[in-house]
Each structure stands twice: as C-alpha cells, then as structure tokens.
Amino acid sequence: MNETYPVIVIGAGPIGLAAAAHLLERGQEVRVLEAGRGPGAAIRQWGHIRLFSTWRWNIDAASRRLLETPVDGYAGDWQAPRETRLPTGAELVEEYLEPLAAHPRIAPTISYGHRVTAITRIQPDGGGIDKARTHGRDGSLFLVRTATAWGPEDLLARAVIDASGTWGNPNPVGRSGIEANGEAEARATGFVTSPLPDPLGAGREHFAGKTVLVLGSGHSAANTLISLGRLRQRHPDTRILWGLRGVANPIRLYGGGAADELPARGQLGTSLRRFVENGDISILENVSISSLGRGDRLEVGLADGRMLEVDLVVPSTGFRPELSMLSELRLDLDEIVEAPRKLGPLIDPEFHSCGTVSAHGERILAHPEPDFYIAGMKSYGRAPTFLMATGYEQVRSIAASLAGDRDAADNLELQLPETGVCSTDLGGSCDSPATGEQAAGCTAPTPEAEAESCCGPQPVSIGFATGTLHGHAELVGDQGK
C-alpha cells in the first residue's frame, strides 16, 4: 500500500534535485518540497562566490541524462558547461539547476514555498505513531508538515530524503558553540553580516572604508578575506582583521597549494597568503568572543579581557544541521558532529588524515527510522567541508535502495580529488602539529606515532586546510600600531 505514496525530497538544491532525478529514473513517485521561490534558493544568496570545483564535479549523472534525453515536449538539447570551467554559485543555478527544475519530468514534482516544520509517522488508517511507539512503525507512512503562504499543509510519503542543507543555520560567533552575549541583537541590527557577503558587488558601499573582522578559517572565510583584500586595494582606508580561535599555522591556514588536485582550491590559499604577507590582512590570534556591545560601532569583548572595536563582523564560522523538525523520528546521530553515526567518524574534524572521505551510500546513511535519510550538506552535520559529488553518490545509492536494487545501492565507485593536506575548518586536537611536521601535507606515520599523529588511517573531509599555530600574527592589543 505504501508504494502508492511518493518519496518526499526536502530541498530543491543540487542534491535534492539529483535525488529526484535518480528516483524518477527508477520509476519512483517523487515530490520535492522547497522553502524558497525557486531551485537553489540558498545558493542564490552566495551567487557571487566562485566554486573551487569545476563543472566536472558539480553535475549529477542521472540529472545529466535527464537533461540530455528528448521526451514529449522537451528537445533534450541542454548543453553541459565546459567540464574544466569553475562556476559561480549564480552560474550553478542558472546553467544547471534552473534547467533541471524546469524539465517536464521534474517540474511537476516540485512545490515551492513549502518549508518543512515537522516529520512524524502515521498509520495507514490515519492513527498516530509517535516516537515512543514501535508496534506497526515499519509499515507506517511519513507525515510531513509544511508551512506555506496559505497555512500549514500535511503531506504523506512512503520515504523521506532530507536534503535541506545547513545554510539557514549558521554557527554562532560566540565561544564554545553558543551565542555571545548581545549576538542576537548585533545580528538583527546588521553589525553581524551574512556568512558570505559580497564586498566587491552589492555590499561594496557597506564594507568600503570600514574595519571588518572576519571570523573563521575555512573556504567561506578565505573567499570573504580575498574579496575584502581586493576592496582594500581600491579603498585603502578599509581595515581587515582575520580572527582565529587559536594561533596561526601557515601550513593549515593556506592549504595544499600545488599539491591540491583541485587547483582552484589550492589557489585560494595562495591568494590569501599574498594578502596577509602584503599587510592587507592582519591576523588576530586567540579570538574567543564573549560579548558584542552596540554603539556607533561594535564592541567585541574577548574571553581574555581584550576589547576590539569594529564596524562589521563576518561570521564565517560554519553551519550546523537544523534537527528540531526531526524530533519525532528515531535518528542515530554521532554525538560529536551530529551526522549519521556511521558517517561521523569518517568526517569528524578532530581526526585529520590525508586523503578524502570514502565514498558512502545508503548503508552508512541509514537510521533506525526505516526509509528516512539525511543527505547532502546536512548529512555532514557540523563537519565543515562537503563536495557536491559526494552528495550525488549518496542519493544515487539511496534511490537504488528505495527502488529495491540492493546491489546498485552497495556498489560505490566514486573517486574524489585529494586535498593535498590534512584539513578541517574547526580547531581540534591536531591544531598544534609536532615540531618538524611535513609542510606539504602528511606522510604515513609509524605505528608508534600513529596514535598522536594528525595522519592516522581515518578518512577525512575534503576542504581548505585550516587550523592554528605560529606564523603571521598580530595580537588584538597591537592592532592600533
């Protein structure tokens, strides 16, 4: 009976639309729920950012087949962008996601303006099944509640894939994972900006001539710092402060350089280093924010008693999954990174290894709640880095499982580019490499050293190398010199 109900996919971003394409290719009924007004709504908010991965890694195979195959009312004449080109977020939406969402097989499945607020189980006869009830759970349906412009709407599904991402749930700038005192007010009044502002475009007048504190050490921070560095070349009175939780380690701050198999990602670190060494960007170490006070400017109180006065704070501190809508489902989440438990150890930023996250699919992503999956960026929980190709492999495997093709679900062949470095966006146990650590990346440790090494056997997430320890530093107290 459940087969008469669709698989509901939450989110019409790259991973959600790829899930729909794979399910449709396997003859499954699908409904896609998107909170925004169009596909890739979150990506549009950082459309000025150029991805570090080329088009080769950003187009899903089933989606491509759909776009290139003629059907009634559709000529199948979509032309894939050149594989070696690096798209911006806006180009990703305009050249790929919009044509995919408009395809005659995909378009009827998408409901825009549907924000999912809760998911639970329900009996086929309409009776309720809350989280505590086990009997009859396996044969029950999912009830997905959405908020729409015309009020709440309840939808039924036989399976759910949550590909809603994490963009709408940024980490706080305060210490220890909670908001600093006064942070909510500082965000509401604009002193704390969006995670990926556009200082060279729409935000030029807002940032020019200001003192800007950028917090974080991952891809988001690097992109913003480079844009601000270019802005400062045109507006020399602009002051750029790069706030780090610890002290600065050049190896981890600037990435793998020429060792990175994604050249644009390596170039990101090279460009950033040049701005720092030229004095356009000042690194501030041990920035642990305890309070934000508003006046004509923003007073940033640090945990060690120092004070900073800035005009704007850019919170490039990463994101975390929004899990409240899943509170009535039986999830098995890693207690550290809030990813599916089997995936957690592969991406935990506390464990730094050279290489990439191993390809993984339905078995790794499964929860005790039958036929429910978290995929895409949200599946990484609080872990900082993610590659779209990883998400495409996730939903390919999930779709195969939901269609009953166990062999295809288990056959994982994705090969990802090497990072060239041990990497994470968060401070962790490997933030202080041992004296003599290899500057170009990691070498295989001896068995005796493995327990203390950053280069143990665990796979790691792909990403811009970050971290802490010595290097180019300017203490907060010296910023006025």
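Nothing fancy with the numbering, it's 1 onward along the sequence.
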Using a strict threshold of under 4.0 Å (side-chain N to carboxylate O), is an ion pair present between [Y] and [X]?
X	Y	value
R85	E91	yes
R245	E285	no
R115	E34	no
E98	R44	yes
E328	K131	no

field: side chain to side chain contact (heavy atoms under 4.5 Å, CB included) evaluation trace for Y96 with N58
entry: CA-CA 9 Å; Y96 173 53; N58 297 325; 6.0 Å; no

For [X] and [Y], which heavy atoms make the closest approach, and how far apart are they?
X	Y	value
F191	D311	CD2-O, 3.3 Å
N411	E393	O-OE2, 4.0 Å
P195	P170	CG-CB, 4.3 Å
P6	L156	CD-O, 3.7 Å
P99	W78	CB-CD1, 3.9 Å
L97	G40	CD1-CA, 3.9 Å

task: Applying side chain to side chain donor-acceptor pair (under 3.5 Å), run through H360 and Q394 and close with a yes or a no.
output: CA-CA 6 Å; H360 55 276; Q394 290 178 339; 2.9 Å; yes

message: Quick one about Q123 and R137 (side-chain donor to acceptor, distance below 3.5 Å, no hydrogens or angles considered), yes or no?
response: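 There is no such pair (donor and acceptor under 3.5 Å, judged by atom type) between the side chains of R137 and Q123.
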
message: Checking side-chain polar atoms at under 3.5 Å, does N171 have a donor or acceptor matched by the opposite partner on R320?
response: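 Side-chain D/A pair, N171 to R320: present.
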
Hey, is the main chain of [Y] close enough, under 3.5 Å, to the side chain of [X] for a donor-acceptor pair?
X	Y	answer
R341	L333	yes
H367	D332	yes
T54	E83	yes
D407	D410	no
E183	P172	no
T109	R31	no
T146	E153	yes
S227	N223	yes
T148	G151	yes
R204	L200	yes

task: Quickly, which of L228, V314, L312 forms a side-chain contact (heavy atoms from CB on, under 4.5 Å) with P197? Name it, please.
output: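 Between P197 and the candidates, side-chain contact (heavy atoms from CB on, under 4.5 Å) is satisfied uniquely by V314.
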
message: Out of the candidates V116, T120, T117, only one should pair with M325 under the side-chain contact (heavy atoms from CB on, under 4.5 Å) rule; please name it.
response: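 Of the listed options, the one satisfying the test is V116.
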
- prompt: Could you give all pairs that pass the salt bridge (charged side-chain N to carboxylate O under 4.0 Å, His left out) test and reach residues 159-182, with sequence neighbours left out?
  reply: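 Checked against salt bridge (charged side-chain N to carboxylate O under 4.0 Å, His left out) - neighbours excluded - the pairs reaching residues 159-182 are D162-K378.
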
Could you give the distance from [atom1] ([X]) to [atom2] ([Y]), rounded to the nearest 0.5 Å?
X	Y	atom1	atom2	answer
E362	S401	CD	OG	3.5 Å
D198	F207	CG	CZ	9.0 Å
L298	L308	CG	CG	9.5 Å
L196	S220	CG	OG	4.0 Å
L100	I59	CG	CD1	10.0 Å
L143	R145	CG	CZ	6.5 Å

For residues [X] and [Y], determine if any side-chain heavy atom of one lies less than 4.5 Å from a side-chain heavy atom of the other.
X	Y	value
L33	L155	yes
L412	R396	yes
E322	S324	yes
P340	I364	no
L244	L215	no
D371	F142	yes
W242	L272	yes
L326	I374	yes

Verify the neighbour count for atom [atom1] of [X]: are there more than 12 heavy atoms of other residues, nucleotides or ligands below 6.0 Å?
X	atom1	result
Q79	CD	no
R330	CZ	yes
R50	CZ	yes

field: F319 six-ring centre to R382 NZ/CZ under 6.0 Å and within 45° of normal
entry: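 That pair does not qualify as a cation-pi contact.
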
Expected list for residues 7-25: side-chain donor-acceptor pairs under 3.5 angstrom, two or more places apart:
residue: H22; atom: NE2; partner: D60; partner atom: OD1; Å: 2.8
residue: H22; atom: NE2; partner: D60; partner atom: OD2; Å: 3.4
residue: E25; atom: OE1; partner: R65; partner atom: NH2; Å: 2.8
residue: E25; atom: OE2; partner: R65; partner atom: NE; Å: 2.7
residue: E25; atom: OE2; partner: R65; partner atom: NH2; Å: 3.3

query: Run the ring-ring contact (aromatic ring centres under 6.0 Å, His included) check on Y74 and H103 step by step: do they pass?
result: CA-CA 8 Å; Y74 177 74; H103 189 279; 4.4 Å; yes

message: One pair to check against side chain to side chain contact (heavy atoms under 4.5 Å, CB included): L402 and Y373. What are the steps and the verdict?
response: CA-CA 11 Å; L402 290 174; Y373 302 95; 4.1 Å; yes

- prompt: side chain to side chain contact (heavy atoms under 4.5 Å, CB included) between L302 and I289: does it pass, once the steps are laid out?
  reply: CA-CA 5 Å; L302 304 185; I289 296 178; 4.0 Å; yes

message: Run S140 and I122 through side chain to side chain contact (heavy atoms under 4.5 Å, CB included) and show every step you take.
response: CA-CA 6 Å; S140 64; I122 193 170; over 6 Å; no

message: Parallel, tilted or perpendicular, judged at 30° and 60°: which one describes the rings of W167 and W46?
response: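 W167 vs W46 ring planes: tilted.
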
